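A short write-up of the structure that comes next.
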Amino acid sequence: MRPRSGIGTMTGETSRKKLLIVDDYFEPSRDSNAPIEMLEQYFEAHGWAFDRIGEEEILASYQGSWAQYELRAVWREEDHVLQFLALPDIRVPADKRALLYETLGLINEQLWIGHFEMWATSGVLLFRHAALLDSSGEATLTLDQAETLVEAAIDECERFYPVFQFVLWADKTPAEAIAAALIETQGEA
């Protein structure tokens, strides 16, 4: 395990500029763990704290607007699948789980990539999606793919975090919570 210190809080625009500056730094290796190595380089370039957990898994930390997110990627070489998870610090109490399942159904209808789920045994809420990488040769993860995996997960967690809070702590119905949390502001104050 190779821990790194520092947690980034860059905005999307700032991180894009940094990636352009360090773009030459990203050179995917050609071994079987290249997807995890690309994510390691991505996290390192952003200055985010991360740990390699064996050869096929990496765990990173990102401070969002609403919460600290645990970002986890697991590479399954035999299937050529990279699974990516983002875990906001939300544990669902047993008495709210049925209501949250309804909320998850309404939210997941709106997503193009990935989905939210709740682990039944622990009540842990997470966002998950996977990438099927080319199985014809060496499975590599490009910088663009890494950025899409990470940013899609963070963006969806940030967008829907208030919905979960409204349902869990403000006793809103799932529909009320979505309507309240996703109000688009127009103009400037």
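Scope of the values below: all heavy atoms of this structure, side chains included, with no hydrogens, waters or symmetry mates. For clarity, every value in this text was computed on a predicted model and none was experimentally measured. In this chain, residues are counted from 1 in sequence order.
- In this structure, the separation between CG on Leu100 and CG on Leu125 is 6.0 Å, given to the nearest 0.5 Å.
- Electrostatic pairing of Asp171 and Lys96 counts as a salt bridge here, judged by a charged N lying under 4.0 Å from a carboxylate O.
- Minimum interatomic distance between Arg159 and Leu182 (heavy atoms only, all atoms of both residues): O-CD2, 3.6 Å.
- Between Met118 and Val124 there is no side-chain heavy-atom pair separated by less than 4.5 Å.
- Centroid-to-centroid, the aromatic rings of Tyr62 and Phe43 stay 6.0 Å apart or farther.
- Linking ILVMFWY residues whenever their side-chain heavy atoms come closer than 4.5 Å, directly or via other members, leaves Val81 and Trp75 in distinct clusters.
- Salt-bridge annotation for Arg76 and Glu56: absent, with no side-chain N of the basic residue lying under 4.0 Å from a carboxylate O of the acidic one.
- Distance alone, capped at 3.5 Å, is enough to place a donor-acceptor pair between the Glu176 side chain and the Thr173 backbone.
- Of all non-hydrogen atoms in Trp66 and Glu158, the two that sit nearest each other are NE1-O, 3.2 Å.
- Just one of Phe84, Tyr69, Phe116, Phe160 meets the ring-ring contact (aromatic ring centres under 6.0 Å, His included) condition when paired with Phe127; it is Phe116.
- Hydrophobic cluster membership differs between Leu149 and Ile113, with clusters built from Ile, Leu, Val, Met, Phe, Trp and Tyr side chains linked at under 4.5 angstrom.
- Leu133 is listed as a side-chain neighbour of Pro35, based on a closest heavy-atom distance under 4.5 Å.
- Considering Arg52, Arg72, Gln83 as possible partners of Glu57, the one that fulfils the side-chain hydrogen bond (donor to acceptor under 3.5 Å, both in side chains) test is Arg72.
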Inset, instruction - Any chance you could lay out the side chain to side chain contact (heavy atoms under 4.5 Å, CB included) test for Met38 and Thr140, step after step, and finish with the verdict? - result: CA-CA 8 Å; Met38 174 55 79; Thr140 58; over 6 Å; no
Legend entry - Candidate pair Gln63 and Trp48, rule side chain to side chain contact (heavy atoms under 4.5 Å, CB included), full reasoning: CA-CA 9 Å; Gln63 180 60 52; Trp48 298 350; over 6 Å; no
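- The CG atom of Asp51 sits 10.0 Å away from atom CD of Glu40, with the distance rounded to the nearest 0.5 Å.
- Hydrophobic clustering, with ILVMFWY side chains joined whenever heavy atoms are under 4.5 angstrom apart, groups Leu106 together with Trp169.
- A 6.0 Å sphere centred on CG of Asn108 holds more than 12 heavy atoms belonging to other residues, nucleotides or ligands.
- Separation of atoms OG1 (Thr142) and CD (Gln145) is listed at 3.5 Å; rounding is to 0.5 Å.
- A heavy-atom distance below 4.5 Å is found between the side chains of Leu39 and Leu82.
- No donor-acceptor pair under 3.5 Å is formed between the side chain of His129 and the backbone N or O of His115.
- In this structure, Leu126 is not a member of the same hydrophobic cluster as Val163, with clusters built from ILVMFWY side-chain heavy atoms closer than 4.5 Å.
- Contact check for Ile154 versus Leu71: side-chain heavy atoms found under the 4.5 Å cut-off.
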Inset, instruction - Apply side chain to side chain contact (heavy atoms under 4.5 Å, CB included) to Arg97 and Glu102, showing your working. - result: CA-CA 9 Å; Arg97 291 184 185 174; Glu102 181 183 343; over 6 Å; no
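- Taken to the nearest 0.5 Å, the CG atom of Leu87 stands 8.0 Å off from the SG atom of Cys157.
- In this structure, CG in Leu141 is found 8.5 Å from CD1 in Ile36, a value given to the nearest 0.5 Å.
- Under the 4.5 Å side-chain heavy-atom criterion for Ile, Leu, Val, Met, Phe, Trp and Tyr, Trp119 and Ile90 are members of distinct hydrophobic clusters.
- Here the side chains of Ile107 and Ile178 are in contact, with some heavy-atom distance below 4.5 Å.
- Taking the charged nitrogens against the carboxylate oxygens, Glu117 and Arg128 do have a contact shorter than 4.0 Å, which makes a salt bridge.
- Remark: Ile53 CD1 to Leu59 CG distance equals 4.5 Å, nearest 0.5 Å.
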